Amino acid sequence: MTEKSRAVLFKRIMIINPSSSVKMTKEGRVIMSLNISFEPPRMPLSMAIMAAGLEQRSGDVKIVDSVNMGLSRASERAIIASYGPDLVIVNASTPTITDDMASIRDAKSLGAYTAAFGQHIDALPLETMADHPDLDFCFLQEPELVAAKFVDHWNSRDKLDNSLGLAYRSEDGQPILTPPYPRASLETFPPPARHLLDQSLYRLPDGEIYTTLLASRGCPYDCGFCVAPVYHGLKTRRRDPISLVNEVIEVAENSHIRAVMFQSDLFTSQKKWVIEVCQELIQRAPPIRWICNSRVDTVDEETLVMMKKAGCFLIGVGIESGSPRMLSVLGKKKVEPERIEWMIHTCRRLGIMTNGSFVIGYPGETIESLRQTEELVMRLPLDFAVFMCAAPFPGTRLYQYLTDPETPHRLTGNWENIAFHDYVIEGGLSPETVKQFNSRIWRKYFFSLHYAKLRLRDLKHPVRLTKTIWYALKRLQKMRKSFR
Ligand code: SF4
């Protein structure tokens with residue numbers, strides 16, 4: 001990067017969530033096709049936090065959430081052309097990397113500098129820059145804060161190697177890294193720039209608008225398939241419960257939004273903190289309903305009772321498998337199927353809905369372990385469930401294992417195939433077996449008498465029930481096609 005090429009100052013900045021052939025949520029460790037899950041369209045929180053930091057510097061920032069706006073590549077390009085940004089930043093992930101880099105190419109051809117961040121970029125910055133010459137910069141580790149500091153350095157013409165957590169090109173075009181950006185307290189993150197997004201795009205299955213709040217980052221459990229320990233670190237950083245609930249109150253009062261998702265890698269990683277958040281919500285916040293995630297060995301009845309009292313209505317639970325052996329292989333050594341049943345039944349009794357996620361086809365999976373998973377699924381009173389093919393995202397232990405030539409399993413396919421709806425592991429069960437299981441199990445569960453009885457509870461809310469059924473049917477139709 002020559003000094004001459006730095007004549008432009010970054011005054012007008014655009015952050016894009018590019019559309020892709022498969023509609024994806026790309027947020028932290030969640031890289032989820034909307035076609036295989038009940039995941040509602042989710043506000044791109046990292047982009048909104050990044051935009052808030054950049055707005056303080058340049059004042060002229062635009063977010064384009066092409067995924068949830070349903071924009072075509074041509075429409076997105078037209079928006080870039082009419083806005084005329086100096087810098088375009090793209091949210092990228094492994095299965096969408098080709099489409100993400102197409103947006104980078106478009107931006108470059110329209111005269112902008114280009115940058116990317118996200119799970120794939122964090123794991124493979126130099127490789128991605130080498131493969132995509134139109135990509136000028138990567139924001140790593142804490143991309144929201146790195147982007148803001150980078151713009152400060154750029155606009156003050158400071159040396160780029162003083163900008164931590166950055167990948168950029170040397171004068172001869174070779175990608176180079178600066179030292180990592182240190183993990184930061186979440187209190188140093190600015191509140192997301194929600195005013196730059198159309199909040200009506202983000203609705204729960206029953207149609208209510210909801211928003212996402214950053215609650216914590218990082219997870220100490222290091223499950224072999226999960227991006228969280230690499231992307232956000234093994235140490236959990238939590239928001240101060242007072243500041244988190246202040247944001248809930250601010251959202252409720254200013255935007256009249258009464259449903260929120262607390263975004264965390266593992267919301268329930270510390271009981272004391274969860275209880276404090278619940279107490280703050282009960283004492284100070286207006287009535288809201290909220291969603292979080294959990295792991296079965298991190299909650300007890302007291303915590304769940306408190307969460308329900310504070311408005312929790314849905315918990316995403318990483319169940320993964322019904323086989324004790326596979327649970328151990330996946331990184332959930334202390335989790336027993338009995339504990340899974342206890343948590344899901346307790347939530348049901350308390351009136352908290354559950355969305356269970358399962359990982360199918362991890363190395364070591366057998367027909368017998370699939371049978372154990374199926375039996376467990378049919379015993380659980382889950383409200384929603386998602387069955388994912390084991391996906392070796394770069395940076396995970398699973399990816400390292402599959403790319404080690406000494407191991408009996410191998411990675412096949414392209415980046416596009418590394419996704420929860422596709423299967424790229426060779427050396428164990430066949431892709432047909434894994435996909436057929438996923439395709440069959442959700443039908444068996446959702447069209448069972450067992451599930452119909454569970455739903456009778458919703459008869460008390462006929463409008464909500466009708467909207468949810470309509471939403472679920474549309475999603476189930478997409479799931480049917482996804483695992484073919
Ligand atoms: S407990 Fe959840 S967030 Fe933590 S590593 Fe395992 S899957 Fe990831």
Side-chain angles (χ1 to χ4, degrees), residues 25-32 36-37 39 42 45-46 93-94 118-120 122-123 183 186 212 214-239 261-271 273-274 291-300 303-304 307 314-337 339-340 343-344 347 354-365 373 382 384-401 418-420:
T25 289
K26 298 177 275 181
E27 191 56 55
R29 73 177 170 91
V30 179
I31 304 139
M32 177 67 79
I36 64 156
S37 69
E39 163 98 12
R42 192 186 292 201
L45 181 63
S46 299
S93 74
T94 300
Q119 153 272 328
H120 188 83
D122 206 67
R183 296 288 179 199
L186 300 188
T212 316
L214 178 62
S216 68
R217 273 191 177 173
C219 180
Y221 286 103
D222 200 14
C223 300
F225 58 90
C226 183
V227 167
V230 205
Y231 195 41
H232 289 149
L234 284 164
K235 186 169 181 294
T236 307
R237 292 164 285 153
R238 300 174 188 87
R239 289 273 295 276
M261 175 187 282
F262 289 125
Q263 190 160 300
S264 297
D265 292 314
L266 179 57
F267 182 81
T268 57
S269 61
Q270 188 189 75
K271 176 177 174 176
W273 179 82
V274 175
I291 305 170
C292 68
N293 58 18
S294 184
R295 174 179 156 124
V296 301
D297 54 351
T298 60
V299 284
D300 57 15
T303 311
L304 291 171
M307 288 165 70
L314 173 63
I315 304 180
V317 188
I319 295 174
E320 326 311 356
S321 177
S323 153
R325 180 180 59 79
M326 284 311 296
L327 283 167
S328 178
V329 170
L330 285 154
K332 302 207 158 169
K333 288 193 176 58
K334 292 188 186 156
V335 175
E336 298 287 335
R339 182 73 190 176
I340 296 169
M343 178 177 174
I344 304 303
C347 286
T354 48
N355 181 13
S357 56
F358 297 82
V359 173
I360 309 299
Y362 199 85
E365 186 88 88
T373 299
L382 288 164
F384 303 102
V386 53
F387 301 95
M388 305 178 290
C389 300
F393 290 109
T396 59
R397 282 196 288 112
L398 178 57
Y399 180 82
Q400 285 167 5
Y401 171 82
I418 299 183
F420 293 132

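Note that ligands are numbered from 1 as they come in the structure, with each ligand's atoms numbered from 1 the same way. Fair warning: this is a prediction, and the values are worked out from it, not measured in the lab.
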Would you mind checking which non-hydrogen protein atom is closest to atom 5 (S) of ligand 1, with the distance to 0.1 Å? C223 N, 3.3 Å
For R295, take its heavy atoms, then give the atoms of ligand 1 lying under 4.0 Å from any of them. 1 (S)
Going through the checks in order, is the salt bridge (Lys or Arg N to Asp or Glu O under 4.0 Å) test met by K271 and D300? CA-CA 9 Å; K271 176 177 174 176; D300 57 15; 2.8 Å; yes
If I take every N, O or S atom of C226, is at least one of them less than 2.8 Å from atom 8 (Fe) of ligand 1? yes
Just jot down the ligand 1 atoms closer than 4.0 angstrom to any heavy atom of D222, in number order. 5 (S)
Taking only non-hydrogen atoms of D265 and a 4.0 Å limit, the atoms of ligand 1 in range are 3 (S)
Less than 4.5 Å apart, side chain to side chain, heavy atoms only: is that true for F393 and V230? no
Test of understanding: given a 4.0 Å heavy-atom threshold, classify the contact between N293 and ligand 1 as side chain, backbone, both, or neither. neither
When you measure from the side chain of R237 to the backbone N and O of L186, does any donor-acceptor pair fall under 3.5 Å? no
Checking the side chain of T354 only, and the main-chain atoms of G356 only, is there a donor and an acceptor separated by less than 3.5 Å? no
Among C219, S294, P220, G331, closest by any non-hydrogen atom to atom 4 (Fe) of ligand 1: C219
Would the distance check show the side chain of R295 and the main-chain N or O of L266 forming a donor-acceptor pair, the cut-off being under 3.5 Å? no
Sub-6.0 Å ring centroid separation between Y401 and F225: no
